[in-house]
Amino acid sequence: MGLIVQKFGGTSVKDRNRIFNVARIVANTRNAGNDVVVVVSAQGDTTDDLIQKAAEITSDPSHREMDMLLSTGEQISIALLTMALQELGVSAISLTGWQAGFATDRAYTKARIKRINTERLESELARNRVVVVAGFQGLNRSEDITTLGRGGSDTSAVALAAALHADRCQIFTDVEGVFTADPRKIPKATRLKEITFDEMLELASLGAQVLNNRSVELAKKYGVELEVLSSINPIPGTIVKEETKVEGMLIKGVAKDDHVAVISILEVPDVPGISFKVFSLLAQKNIDVDIILQSSGRGNNKDLIFTVPLGDAESALSVLNANKSRFGGDEIKVNKDCAKVSVVGAGMQSHPGVASTMFEALYNENINIHMISTSEIKISVIIDKADADKAVAAIHDAFIQ
Ligand code: ADP
Ligand code: ASP
Ligand code: MG
């Protein structure tokens, strides 16, 4: 008995049958004597379809109106799931993100949760209702609807679990947990029983879609242990927590992100302040920069090369081109046909063989590496997008038996 937060992703609620399947999972949890708060995403491909609808109107939609549009997807799911629960005889009520008290910052389309006013939620729980909350959305100080970025329902669920001091936070999805690679692409991938917050944060940030990276960040910050499991196949999933038992496996997973772009600014002056000028422009536009490479000076010039999320490439280019006189340079180039492939596992720095094993696997497939970045817990390479799936399979084979 306790308070359980259960989150169900888009595939898990994609149609009538799946909605009733979810309603039965929730009803069973409820009937076992628990209080239940449910967070749901938009059904199936709804969010992608809404983005497409906006694209039919304009190539540059206002971010405020995008959030107004995208938030409707989750609103459909909460109403339908609540109806299904009521059909099963479970007392339930749906709440939008703002009704559930989600206050966010102003950053439309990638807002951050600032606080959750749980008063309404708690009063509904006190009335013995299951509360079904729309994920991915909140309200900013101007009382405008915001969304939390793709995959943001995971973050809504973890934030609620933290705010309500829930006893468990379960993330139900369409695979049976966190695997050593995307199980849909790599059939040999194996399910992990446990993974640490730090390792999961890297995997999520490096492209393993199964959990949104901000949700893992929050889970770590507030010590919310997560259970990732299937909404279809009722078997134990993966536990994400602070520390795991050492299993002797150094590499926890291989991840691919093919939504990256490489921007190269060629022949900038080799003087102090250039990086500051370039990256502060991008920071002002809220654009995350990941791998940064600077060539050593040739004569009086050097090249500055870095990656940004593919979706931000055009706005990065336009702000850099508009301010080019501030940092100089010859040419600004963008390459959108690349991908980032990474291996993740704690304690890599003390195992020098990891990098060479990874590079050997790529060499055996004749895959060229454009950029490399390493940390204590991961090694990432930027390669051609066309090589990415082959690279993941080869690296997975090299590390995981
Ligand atoms: P949901 O709609 O439930 O939020 P997502 O589509 O966002 O689900 O995430 C689940 C998907 O993540 C899986 O279907 C799988 O293809 C993909 N995935 C990528 N990497 C991994 C991994 N390492 N382990 C499990 N799933 C992964
Ligand atoms: N519906 C949103 C998306 O597709 C949020 C989510 O699924 O978590 O990104
Ligand atoms: Mg998701």
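First listed ligand is number 1; within each ligand, the first listed atom is number 1.
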Item to complete: Take every heavy atom of Gly177, measure it against each atom of ligand 1, and state whether any distance is under 4.0 Å.
Response: yes
Discussion item. Is there a polar contact between ligand 1 and Thr180, counting only N or O atoms under 3.5 Å apart?
Written reply: no
Response to the item:
Out of Leu192, Val210, Val228, the nearest non-hydrogen contact to atom 27 (C) of ligand 1 is supplied by Val210
Worksheet, complete the sentence: Looking at Asp174, Leu206, Thr238, the heavy atom closest to atom 13 (C) of ligand 1 belongs to Asp174
Worksheet item: Any N or O of Phe179 that comes nearer than 3.5 Å to an N or O of ligand 1?
Response: yes
Worksheet item: Just which atoms of ligand 1 are under 4.0 Å from any heavy atom in Val178?
Response: 24 (N)
Discussion item. Rounded to the nearest 0.5 Å, what separates atom NZ in Lys7 from atom CD in Glu227?
Written reply: 14.0 Å
Fill in: Carboxylate-amine/guanidinium contact Arg18 Asp174, below 4.0 Å
no
Pairs under 3.5 Å, N/O atoms on ligand 2 and on the protein: can you put them in a table with the distances?
from: ligand 2; atom 1: 1 (N); to: Thr47; atom 2: OG1; distance (Å): 2.8
from: ligand 2; atom 1: 1 (N); to: Glu74; atom 2: OE2; distance (Å): 2.7
from: ligand 2; atom 1: 4 (O); to: Thr47; atom 2: OG1; distance (Å): 3.3
from: ligand 2; atom 1: 4 (O); to: Arg150; atom 2: NH2; distance (Å): 2.9
from: ligand 2; atom 1: 7 (O); to: Ser41; atom 2: OG; distance (Å): 3.3
from: ligand 2; atom 1: 8 (O); to: Gly152; atom 2: N; distance (Å): 3.3
from: ligand 2; atom 1: 8 (O); to: Ser153; atom 2: N; distance (Å): 3.0
from: ligand 2; atom 1: 8 (O); to: Ser153; atom 2: OG; distance (Å): 3.1
from: ligand 2; atom 1: 9 (O); to: Arg150; atom 2: NE; distance (Å): 2.7
from: ligand 2; atom 1: 9 (O); to: Gly151; atom 2: N; distance (Å): 2.8

Worksheet item: For ligand 1, which part of Arg184 has a heavy atom less than 4.0 Å away: the side chain, the backbone, both, or neither?
Response: side chain
Item to complete: Would you please determine whether Ser41 falls within less than 4.0 Å of ligand 1 on a heavy-atom basis?
Response: no
Worksheet item: For Lys7, is the nearest heavy atom under 4.0 Å from an atom of ligand 1?
Response: yes
Item to complete: Could you please spell out the steps behind the salt bridge (Lys or Arg N to Asp or Glu O under 4.0 Å) verdict for Asp330 and Lys324?
Response: CA-CA 9 Å; Asp330 255 10; Lys324 199 158 167 283; over 6 Å; no
Worksheet item: Is Ser12 near ligand 1, meaning one of its heavy atoms is under 4.0 Å from it?
Response: no
Worksheet item: Are any of the heavy atoms in Pro183 under 4.0 Å away from ligand 1?
Response: yes
Worksheet item: Of all heavy-atom pairs between Val341 and Ala388, which one has the smallest distance, and what is that distance?
Response: CG2-O, 4.2 Å
